[in-house]
Amino acid sequence: MADPFDVVVLGAGISGLSSARALAKRGLRVAVVERDVPGSHASSAAAGILVARGVVRSDVPGRMFYTRSLDGYEEWVRALASESGQELSLREGDDFCFFPPGGKADRFRQRLERESDPARWEELDAPPRALSCAARGGPWRVFRFAGERWCVPSDLLDVLLAAVERDGTLVVPNAGIPQVTDLGTTWKVVFAGGVIEAPVLLVSAGPWSGDVLRPLGWDANLVPVRGQLALVPRLHALDAMVHLEDTYYAVPRGDLTLVGATVEHGEWEENVTDRGLRELRHRLSSIFPELDLSRAVKVWAGLRPRSRDRVPHLGWLVPGRLLVASGHYRSGISMAPRTGEVVADLVTGRDAPDDVAQLSPLRSSGGYRRIP
Ligand SMILES: Cc1cc2nc3c(=O)[nH]c(=O)nc-3n(C[C@H](O)[C@H](O)[C@H](O)COP(=O)(O)OP(=O)(O)OC[C@H]3O[C@@H](n4cnc5c(N)ncnc54)[C@H](O)[C@@H]3O)c2cc1C
């Protein structure tokens with residue numbers, strides 16, 4: 001006989017695990033079925049940047065959801081550390097955003113003027129001295145954001161997984177691709193070595209969410225966007241992040257610097273390519289001419305799950321039965337605390353707040369469609 005679960009989650013990336021934790025905190029019995037090793041895809045490949053950029057108001061779909069998630073991050077991390085019995089902390093420092101003079105810098109500034117607390121950012125006359133020896137290109141327009149945060153996603157995933165398992169949630173690793181059958185009032189999930197039944201199914205399978213949902217009659221409208229990254233010897237002495245045009249970045253990781261990332265739409269292979277590394281070198285050497293990727297201690301790639309309108313899919317596909325939490329694109333690490341809370345709110349019947357309505361997976365602008 002199948003175990004009595006309230007919710008079965010497919011996918012143990014950060015979206016599935018943060019949801020499982022929040023559901024278990026509300027007293028629900030949760031099982032998570034993971035095709036591979038928990039957290040082994042985008043969620044540990046990520047850079048771990050958690051920039052808030054001082055945003056306090058915005059009509060852009062998803063942006064206030066993102067901001068609210070970051071507001072709760074410190075507390076979430078403290079709770080995970082305490083629940084798992086493992087150490088976990090965030091890093092904090094300045095974030096310097098470099099732009100060549102021109103339209104992109106103007107638009108970036110206009111957006112900050114519209115959306116951000118003026119006390120949280122400034123445009124500098126020149127790059128800071130500690131960076132100017134490394135950052136020799138230019139001329140640059142440089143924006144500084146104080147008190148921004150970043151983390152090491154693989155550490156975060158380890159702690160999150162430990163917290164979820166300590167809570168009594170069943171996490172099934174290396175399950176292969178499960179077969180999912182709709183039995184009317186419950187879902188039957190059959191995988192290598194077991195069967196789980198539950199009345200609610202949450203699909204959090206990253207860019208593969210479409211593969212899970214297609215046999216159930218849904219077209220997910222999701223594409224993978226590959227990102228390639230590298231860890232290189234430290235590029236500068238400041239404990240600060242550097243962004244180039246809000247796309248490429250250099251983030252301190254102990255004695256090393258993480259540099260990333262390419263943005264390759266439609267690529268399903270999670271591999272590093274010569275072309276991708278050349279692109280990273282080409283783009284970031286405009287700020288850091290010394291960047292030498294042949295000295296990288298590690299290179300890797302991950303697939304970001306992107307919806308058509310670049311806004312996450314978070315909500316019911318079939319009310320009370322089939323839920324999706326995916327499509328977090330470049331911000332799934334940042335959005336994890338609030339993703340979990342919202343999933344738990346929806347499953348326990350609470351009303352979703354305004355910032356979540358824009359994320360409905362049934363929205364016309366980029367949501368799921370029934371396969372005719
Ligand atoms: C290069 C790169 C840099 C990034 N940097 C940042 C950053 O700095 N800050 C930030 O906030 N975000 C960042 N992101 C985005 C973030 O990593 C993602 O949005 C987030 O990890 C997505 O999490 P997920 O749980 O939805 O997907 P995933 O981590 O991909 O997890 C999905 C899981 O589902 C499993 N699965 C697939 N099919 C099935 C199935 N049929 N049954 C069961 N399980 C299945 C997979 O094996 C996988 O483990 C970055 C991403 C990349 C790739």
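Since the model is a prediction, treat every value here as computed from it, not as a measurement. Atoms within each ligand, like the ligands themselves, are counted from 1 in listed order.
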- Task: Step through it carefully: locate the ring centre of Phe143, locate the ring centre of Phe96, and say whether they are under 6.0 Å apart.
- Result: no
- Task: Check whether the ring centres of Trp140 and Phe98 lie less than 6.0 Å apart, and answer yes or no.
- Result: yes
Indicate whether the side chain of [X] and that of [Y] have a donor and an acceptor atom separated by less than 3.5 Å.
X      : Y      : answer
Asn174 : Arg35  : no
Ser326 : Ser209 : yes
Gln228 : Glu279 : no
Thr169 : Asp167 : no
Glu245 : Thr247 : no

For [atom], which candidate among [options] provides the closest heavy atom?
atom                    : options                        : answer
atom 27 (O) of ligand 1 : Ala336, Ala46, Gly206          : Gly206
atom 2 (C) of ligand 1  : Arg304, Met241, Arg306, Gln228 : Arg304
atom 14 (N) of ligand 1 : Glu264, Gln179, Arg330         : Arg330

- Message: Using a 3.5 Å distance criterion without hydrogens, assess whether the side chain of Ser82 forms a donor-acceptor pair with backbone atoms of Arg78.
- Response: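 Judged by distance alone, no pair lies under 3.5 Å.
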- Item | Backbone of Val60 reached by a side-chain donor or acceptor of Ser58 within 3.5 Å | yes
Report yes if [X] has an N/O atom closer than 3.5 Å to an N/O atom of ligand 1; otherwise report no.
X      : result
Ile49  : yes
Gly39  : no
Ser43  : yes
Ala45  : no
Ser15  : yes
Ser334 : yes
Glu34  : yes
Ile177 : no
Gly332 : yes
Arg35  : yes

- Item | Aromatic plane relationship, Tyr368 with His313 - under 30° parallel, 30 to 60° tilted, over 60° perpendicular | perpendicular
Element-labelled atoms of ligand 1 that are located less than 4.0 Å from some non-hydrogen atom of [X]:
X      : answer
Gly227 : 1 (C)
Tyr249 : 3 (C)
Val33  : 43 (C), 44 (N)
Trp208 : 30 (O), 37 (C), 38 (N)
His41  : 30 (O), 46 (C), 47 (O), 48 (C), 49 (O)
Gly302 : 53 (C)
Gly11  : 33 (C), 34 (O), 35 (C), 43 (C), 44 (N)
His328 : 19 (O)

- Message: Show the nearest heavy-atom pair for residues Leu314 and Ala325, with the distance to one decimal.
- Response: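 So the minimum-distance heavy-atom pair works out to CD1-CB, 3.7 Å.
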- Item | Within reach of ligand 1, part of Arg226 (heavy-atom separation under 4.0 Å) | neither
Min heavy-atom dist [X] to ligand 1 below 4.0 Å:
X      : result
Trp150 : no
Gly48  : yes
Ser331 : yes

What is the closest protein heavy atom to [atom], and at what distance does it sit?
atom                    : value
atom 15 (C) of ligand 1 : Tyr329 O, 3.0 Å
atom 1 (C) of ligand 1  : Leu229 CD1, 3.4 Å
atom 41 (N) of ligand 1 : Val212 CG2, 3.4 Å
atom 42 (N) of ligand 1 : Pro178 CD, 3.2 Å
atom 31 (O) of ligand 1 : Gly13 CA, 3.4 Å
atom 5 (N) of ligand 1  : Ala47 N, 3.1 Å

Is there a path of hydrophobic side-chain contacts, each under 4.5 Å between heavy atoms, that joins [X] and [Y]?
X      : Y      : value
Leu157 : Leu10  : no
Val263 : Leu293 : no
Val223 : Val212 : no
Val343 : Trp218 : no

- Task: Apply side chain to side chain donor-acceptor pair (under 3.5 Å) to Ser204 and Ser15, showing your working.
- Result: CA-CA 6 Å; Ser204 291; Ser15 308; 5.5 Å; no
- Under the salt bridge (charged side-chain N to carboxylate O under 4.0 Å, His left out) rule, what do Arg149 and Asp95 come out as? Steps first, then yes or no, please. CA-CA 9 Å; Arg149 295 167 298 172; Asp95 181 23; over 6 Å; no
- Query: Step by step, would you call Thr348 with Arg26 a side chain to side chain donor-acceptor pair (under 3.5 Å)?
  - Reply: CA-CA 8 Å; Thr348 55; Arg26 307 273 177 98; 3.2 Å; yes
